[in-house]
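Reviewing the structure listed below.
Side chains are part of it too, since the values below use all heavy atoms of this structure and drop only hydrogens, waters and symmetry mates. Computed from a predicted structure; not experimentally measured.
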Amino acid sequence: MELVKLLLLLMVIGFFIKLLNRMLIYIIKNVKIEIKNKRLKYGILSRKDIAECNINEFEDLCREYINVSKGIKNTTLLSEQSKGGVDIIGNEYGGLTYIRCILKNIKESKEDIYSDDAWEEIDREELENFLGRMIQDGVKKGIVITNSDFSKEALEFISILNSNSKRYYIEAIDGYTFLEGVREIRETEYKDVLEYV
């Protein structure tokens, strides 16, 4: 009889431990999400923070950056079905601007995420595809935003295009420039909040 009571007690204790474990996992998960959201809202610390965003969060940041830093107020985020190499369409002065948001990862082999070669780069082919979409749709201006870097070939392609073409123009915004712009937006937007911290 004592053994049965002891086993029953152990089963009840085991049940409550499992329940407590599930509750703790749920709480920890929500705290991590809240910390991530506050980091995005009040200030991104590094390109690695941006790399940890999902694509929707990154596109929202890009849209905010375009609205504030580039002054293109009338922007539309495209749905997955209608993208085709364009994530945001901006309308400035009656002309369309295509915006491509490219979220890249840190190379798995790199331990030092702050070195220049730690990130997957935007290559020339990605820019050629973007330009092809612009030409197809008759859009003259494009902006490519990334958390990463552009390869040497990609930068040469943009330089040649922008200096030789009178019809098409692409602006390249790398991770450092983008991060600096987002930080400036956060500092301005949340100046009062940050003063109390």
Side-chain angles (χ1 to χ4, degrees), residues 44 46-110 112-185:
I44 293 176
S46 69
R47 292 195 305 170
K48 184 176 183 253
D49 292 329
I50 295 174
E52 291 174 357
C53 291
N54 65 44
I55 191 64
N56 294 329
E57 293 167 332
F58 181 64
E59 289 171 353
D60 286 340
L61 279 174
C62 290
R63 184 177 187 194
E64 182 179 12
Y65 174 83
I66 290 297
N67 290 341
V68 176
S69 296
K70 296 296 175 185
I72 304 173
K73 302 292 183 199
N74 189 5
T75 57
T76 305
L77 274 169
L78 298 179
S79 66
E80 283 299 319
Q81 294 80 17
S82 62
K83 282 189 177 183
V86 177
D87 301 304
I88 302 170
I89 295 178
N91 191 344
E92 94 183 298
Y93 310 116
L96 293 181
T97 301
Y98 275 0
I99 298 124
R100 178 78 172 121
C101 309
I102 304 175
L103 185 61
K104 291 288 190 172
N105 294 315
I106 300 167
K107 292 179 184 173
E108 289 188 28
S109 62
K110 289 295 174 184
D112 180 12
I113 63 163
Y114 301 105
S115 72
D116 289 336
D117 64 343
W119 297 87
E120 296 174 0
E121 292 182 324
I122 306 299
D123 60 24
R124 179 184 174 130
E125 184 179 338
E126 290 175 273
L127 296 175
E128 288 172 343
N129 291 336
F130 181 64
L131 177 61
R133 176 67 190 268
M134 289 171 56
I135 291 169
Q136 175 185 338
D137 295 347
V139 175
K140 295 179 175 147
K141 182 178 179 188
I143 301 172
V144 178
I145 303 173
T146 185
N147 64 315
S148 180
D149 299 307
F150 293 87
S151 70
K152 181 180 175 187
E153 294 79 17
L155 292 173
E156 287 172 358
F157 173 76
I158 289 174
S159 177
I160 291 168
L161 172 74
N162 292 345
S163 61
N164 294 326
S165 174
K166 293 180 177 147
R167 285 193 75 177
Y168 302 102
Y169 177 83
I170 295 177
E171 181 178 357
I173 300 171
D174 67 14
Y176 288 114
T177 305
F178 178 63
L179 180 62
E180 183 179 306
V182 171
R183 283 180 178 162
E184 287 175 11
I185 291 168

Using every non-hydrogen atom in the two residues, find where [X] and [Y] come nearest and quote the distance to one decimal.
X: Thr146; Y: Lys104; answer: OG1-CG, 4.0 Å
X: Tyr65; Y: Val182; answer: CD1-N, 4.3 Å
X: Leu103; Y: Ala51; answer: CD1-CA, 4.1 Å

Could you tell me which residues satisfy side chain to side chain contact (heavy atoms under 4.5 Å, CB included) with Asn91, sequence neighbours excluded, listed by chain and number?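 Partners of Asn91 under the side chain to side chain contact (heavy atoms under 4.5 Å, CB included) test: Asn74, Leu96.
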Residues two or more places apart in sequence or in another chain: which of them pass side chain to side chain contact (heavy atoms under 4.5 Å, CB included) with Thr75?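 So Thr75 forms a side chain to side chain contact (heavy atoms under 4.5 Å, CB included) with Arg63, Ile66, Asn67, Ile72, Ile88.
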Could you measure the distance from the [atom1] atom of [X] to the [atom2] atom of [Y]? Nearest 0.5 Å is fine.
X: Ile135; Y: Tyr168; atom1: CD1; atom2: OH; value: 5.0 Å
X: Ile55; Y: Glu59; atom1: CD1; atom2: CD; value: 4.5 Å
X: Ile50; Y: Phe58; atom1: CD1; atom2: CZ; value: 6.5 Å
X: Ile170; Y: Leu131; atom1: CD1; atom2: CG; value: 5.0 Å
X: Leu179; Y: Glu184; atom1: CG; atom2: CD; value: 10.0 Å
X: Thr76; Y: Ile89; atom1: OG1; atom2: CD1; value: 6.5 Å

With sequence neighbours left out, what residues match Phe157 under ring pair (Phe, Tyr, Trp, His ring centres under 6.0 Å)?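 Counting only residues at least two positions away or on another chain, Phe157 forms no ring pair (Phe, Tyr, Trp, His ring centres under 6.0 Å).
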Pairing residues for Phe150 by the ring pair (Phe, Tyr, Trp, His ring centres under 6.0 Å) criterion, not counting sequence neighbours: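 Testing Phe150 for ring pair (Phe, Tyr, Trp, His ring centres under 6.0 Å), a comparison that skips the adjacent residues, returns none.
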List the steps and the verdict of side chain to side chain contact (heavy atoms under 4.5 Å, CB included) for Phe178 and Cys62. CA-CA 8 Å; Phe178 178 63; Cys62 290; 4.0 Å; yes
Using the test salt bridge (Lys or Arg N to Asp or Glu O under 4.0 Å), find all partners of Glu128 that sit at least two apart in sequence or belong to another chain.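 Per chain and number, Glu128 pairs via salt bridge (Lys or Arg N to Asp or Glu O under 4.0 Å) with Arg124.
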Flag if over 12 foreign heavy atoms under 6.0 Å of [atom1], [X]:
X: Lys140; atom1: NZ; answer: no
X: Lys152; atom1: NZ; answer: no
X: Glu156; atom1: CD; answer: yes

Determine the interplanar angle of the Phe130 and Tyr98 rings, folded into 0 to 90°, and report it as parallel if under 30°, tilted if 30 to 60°, perpendicular if over 60°.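 Tilted.
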Check whether Glu126 reaches the backbone of Asp123 with its side chain - one donor and one acceptor, N or O, closer than 3.5 Å.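 Side chain of Glu126 to backbone of Asp123: a pair is present.
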Is any side-chain heavy atom of Asn129 closer than 4.5 Å to one of Arg133?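 No - every pair of side-chain heavy atoms lies 4.5 Å or more apart.
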Between Cys101 and Ile99, does the side chain to side chain contact (heavy atoms under 4.5 Å, CB included) criterion hold? Intermediate values first, please. CA-CA 7 Å; Cys101 309; Ile99 298 124; 4.2 Å; yes
Please test Arg47 against Asp149 for salt bridge (Lys or Arg N to Asp or Glu O under 4.0 Å), starting from the C-alpha separation and ending with a verdict. CA-CA 11 Å; Arg47 292 195 305 170; Asp149 299 307; 3.1 Å; yes
Listed once per pair and sorted, the salt bridge (Lys or Arg N to Asp or Glu O under 4.0 Å) pairs that draw on residues 91-100, sequence neighbours left out: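 Residue pairs passing salt bridge (Lys or Arg N to Asp or Glu O under 4.0 Å), neighbours aside: Asp87-Arg100, Glu92-Lys141.
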